[in-house]
Amino acid sequence: MVSEKAKAVQPAATLAMSKLAKDMQAEGIDVINLGVGESDFQTPKHIAEAAVSAIESNKTSFYTPTSGVKELKQAIVNQVAKRYQASIELKNVTVTTGAKLSLYVLMQTLLNPNDIVVAAAPLWVSYIEQIKLAGGIVRTIQPKNDELKLTVDDLEKISDHVKLIIVNSPTNPTGQVYSRQELVELLDWAKSHDTYIILDEIYGQLVYNGAVFTSGLQIKTLENSRMIIVDGVSKAYAMTGWRIGWTLASSEIITVMNKLLDHMTSNPTAVAQYAAIAALNGDQSSVEVMRLAFEKRLNTTFDLLNTVPGLQVSTKPQGAFYLFPKVSTEVLLAAGVANTSELSMKILEEAHVAMPSGEGFGMAGYLRMGYAKEQEVLNEAVRRLTVFFQQYI
């Protein structure tokens with residue numbers, strides 16, 4: 001019999017929906033898969049070539065340091081200085097097998113049983129399960145503001161001690177970006193309440209229409225701080241499959257994380273580390289090419305999606321590459337479904353469009369639509385959704 005802890009873990013809604021879509025595609029069904037959090041761009045050529053070169057020059061056959069090769073950590077330090085005019089040291093960096101592992105190890109590092117962790121709904125699907133696996137208690141805030149952001153007013157209503165706050169900016173799934181002032185207020189609250197705060201900045205380079213991304217590194221220093229930054233190469237460099245992320249934190253946190261990582265992965269995959277070095281140190285023009293493409297797709301698809309009867313995105317995303325439309329109650333009733341989880345399955349089966357439901361993100365009544373596809377594909381997805389929802393209006 002497997003452990004009770006393992007049995008309690010819920011599958012990732014995004015990956016489960018994507019698997020169903022791929023299974024249907026394998027059967028020859030024309031499914032448009034908008035459920036997975038990755039772009040349709042290939043990894044830039046110079047990054048792939050750096051990986052091949054690392055293999056050919058015999059750099060990838062053996063273990064690396066647990067926290068990553070020095071060259072990669074230095075590239076991260078240098079990029080922090082260039083992008084944010086902030087100063088960190090190698091001791092403040094650990095590289096992991098994807099940003100998801102950074103988050104998992106952080107939960108194991110920071111949380112004791114029954115420690116309280118606060119995040120705003122909707123929130124990325126893996127936060128909740130990672131917290132539960134570490135024995136923590138999730139307090140999901142349902143924000144009252146249109147942007148669905150966590151505020152100090154929300155935190156003040158919690159009577160128990162909050163051990164950890166998680167803030168994702170730009171946010172998956174809403175695409176909202178926290179302003180500098182909003183982050184300052186949250187960081188100040190965390191400091192005054194002896195609370196750790198993780199800033200998940202994985203989409204930080206993907207902001208649109210004049211929106212400004214602010215990193216926590218532009219506000220506070222890391223050493224002797226409870227602020228923790230999580231980032232990686234997956235989203236901005238089209239490297240989801242390479243699995244390279246990192247944590248930036250005070251050195252005592254990094255030291256503990258590395259002890260755990262010693263017994264987990266030994267080290268991030270060597271060849272992927274050399275690819276990540278090329279991503280950070282090389283030509284950055286591909287990031288802007290992708291960002292502009294996503295911005296154009298957002299602007300077109302946001303307007304199109306709001307023409308679908310029964311769906312509404314009231315606040316336009318500022319970053320990432322998702323839309324999070326609300327489904328009207330009338331549609332749910334007319335479709336004969338109890339919730340948006342059932343509705344998303346019905347859409348997949350009948351309209352052949354894969355979109356995970358809001359339940360997986362802690363907010364029922366919504367669907368998440370990724371727009372990191374060619375516009376022609378998105379147009380066809382909207383057409384199919386229009387035909388589907390027109391049945392129930």
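Numbers here simply count residues along the sequence, with the first being 1.
At a cut-off of 3.5 Å, with distance as the only test, a side-chain donor of Gln284 or Tyr237 sits close to an acceptor on the other residue. With no hydrogens or angles considered, no side-chain donor-acceptor pair links Thr66 and Asn267 at under 3.5 Å. Of the N and O atoms on the side chains of Gln312 and Asn306, not one donor lies less than 3.5 Å from an acceptor on the other residue. No hydrogens or angles considered: a donor-acceptor pair under 3.5 Å links the side chains of Ser18 and Asn33. Checked by atom type, the side-chain pair Glu295/Asn299 shows no donor-acceptor distance below 3.5 Å. When only modelled atom types and interatomic distance are considered, Ser169 and Glu201 share no side-chain donor-acceptor pair under 3.5 Å. No hydrogens or angles considered: nothing links the side chains of Ser179 and Gln181 as a donor-acceptor pair under 3.5 Å. Under the 3.5 Å distance criterion, with hydrogens and angles disregarded, a donor-acceptor pair is assigned to the side chains of Thr247 and Ser102. For Thr64 and Gln273, the side-chain atoms include at least one donor-acceptor pair closer than 3.5 Å.
Annotation: salt bridge (Lys or Arg N to Asp or Glu O under 4.0 Å) contacts involving residues 180-191, sequence neighbours excluded, comprise Lys149-Glu182, Asp188-Lys220. Residues in residues 229-258 take part in these salt bridge (Lys or Arg N to Asp or Glu O under 4.0 Å) pairs, two or more places apart or across chains: Arg83-Asp231. Residue pairs satisfying the ring-ring contact (aromatic ring centres under 6.0 Å, His included) criterion with at least one member in residues 342-377, sequence neighbours excluded, are listed as follows: Phe324-Tyr366. Annotation: side-chain hydrogen bond (donor to acceptor under 3.5 Å, both in side chains) contacts involving residues 323-335, sequence neighbours excluded, are absent.
Across all their heavy atoms, Leu206 and Pro170 have their closest contact at O-CG, 4.1 Å. The two residues Gln375 and Leu304 have their closest heavy-atom pair at NE2-CD1, 4.1 Å. Listed here is the closest heavy atom pair of Phe321 and Gly37: CE1-C, 3.8 Å. Here the shortest heavy-atom pairing between Val95 and Gly68 reads CB-CA, 4.2 Å.
Between the side chain of Arg226 and the backbone N or O of Ile197 there is no donor-acceptor pair closer than 3.5 Å. A donor-acceptor pair under 3.5 Å links the side-chain atoms of Gln130 to the main chain of Lys100, judged by distance alone. Counting only distance, with no hydrogens or angles, the side chain of Gln318 and the backbone of Val177 share a donor-acceptor pair below 3.5 Å. Listed for the Thr60 side chain is no donor-acceptor partner under 3.5 Å among the backbone atoms of Val271. In this structure a side-chain-to-backbone donor-acceptor pair under 3.5 Å is present from Asn168 to Asp200. Distance alone, capped at 3.5 Å, places no donor-acceptor pair between the Ser67 side chain and the Thr94 backbone. Between the side chain of Gln218 and the backbone N or O of Ser215, at least one donor-acceptor pair lies under 3.5 Å. The main-chain N or O of Ala6 is found under 3.5 Å from a side-chain atom of Ser3 such that the two form a donor-acceptor pair. A donor-acceptor pair under 3.5 Å is formed between the side chain of Lys163 and the backbone N or O of Leu110.
Remark: Lys59 engages no residue in a salt bridge (Lys or Arg N to Asp or Glu O under 4.0 Å) (not counting sequence neighbours). Under the rule for a salt bridge (Lys or Arg N to Asp or Glu O under 4.0 Å), Asp262 has no partner lying at least two apart in sequence or in another chain. Among residues two or more places apart in sequence or in another chain, the salt bridge (Lys or Arg N to Asp or Glu O under 4.0 Å) test is passed with Asp40 by Arg297. Contacts of Asp154 classified as salt bridge (Lys or Arg N to Asp or Glu O under 4.0 Å), with partners at least two apart in sequence or in another chain: none. For Lys296, the side-chain hydrogen bond (donor to acceptor under 3.5 Å, both in side chains) test picks out no residue, with sequence neighbours left out. Residues passing the side-chain hydrogen bond (donor to acceptor under 3.5 Å, both in side chains) test with Thr214: none are found, sequence neighbours excluded. Shown here are the side-chain hydrogen bond (donor to acceptor under 3.5 Å, both in side chains) partners of Ser234, two or more places apart in sequence or in another chain: there are none.
Contact check on Glu349 versus Lys346 returns no salt bridge, with no Lys/Arg side-chain nitrogen under 4.0 Å from an Asp/Glu carboxylate oxygen.
Looking at Lys5 and Leu133, their side chains come closer than 4.5 Å, going by heavy atoms from C-beta outward. Using a 4.5 Å cut-off on side-chain heavy atoms (C-beta onward), Leu378 and Thr300 make no contact. Taking the side chain as every heavy atom from C-beta outward, Ile198 and Leu164 approach each other to under 4.5 Å. Residues Ile116 and Val138 fail the side-chain proximity criterion, which asks for heavy atoms closer than 4.5 Å.
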- Show the numbers, then the answer: is there a ring pair (Phe, Tyr, Trp, His ring centres under 6.0 Å) between Tyr208 and Phe213? CA-CA 10 Å; Tyr208 316 118; Phe213 169 73; over 10 Å; no
Can you list the steps and then say if Leu311 with Phe389 is a side-chain contact (heavy atoms from CB on, under 4.5 Å)?
CA-CA 8 Å; Leu311 292 183; Phe389 279 96; 3.8 Å; yes
Notebook entry, point to check: What do the steps show when you test Lys157 against Asp153 for salt bridge (charged side-chain N to carboxylate O under 4.0 Å, His left out), and what is the final call?
Noted result: CA-CA 7 Å; Lys157 295 173 184 175; Asp153 286 343; over 6 Å; no
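In this structure, the ring of Phe294 has its center less than 6.0 angstrom from the ring center of Phe41.
Connection of Val93 to Val230 is not established within any shared hydrophobic cluster, with ILVMFWY side chains joined at heavy-atom distances below 4.5 Å, either directly or through further cluster members.
By the neighbour-count criterion of 12 heavy atoms within 6.0 Å, atom NZ of Lys45 is sparsely surrounded, having that number or fewer from other residues, nucleotides or ligands. Sparse packing is recorded around NZ of Lys19, with 12 or fewer heavy atoms of other residues, nucleotides or ligands lying under 6.0 Å away. Within a 6.0 Å radius of CD in Glu89, no more than 12 heavy atoms belonging to other residues, nucleotides or ligands are found. Gln42 CD: 12 or fewer foreign heavy atoms inside a 6.0 Å radius.
Cluster partners of Met17 are Leu20, Met24, Ile29, Val31, Met345, Leu348, counting Ile, Leu, Val, Met, Phe, Trp and Tyr whose side-chain heavy atoms approach within less than 4.5 Å, directly or via other members.
Below 30°, between 30° and 60°, or above 60°: for His193 and Trp189 the angle between ring planes is below 30°, a parallel geometry.
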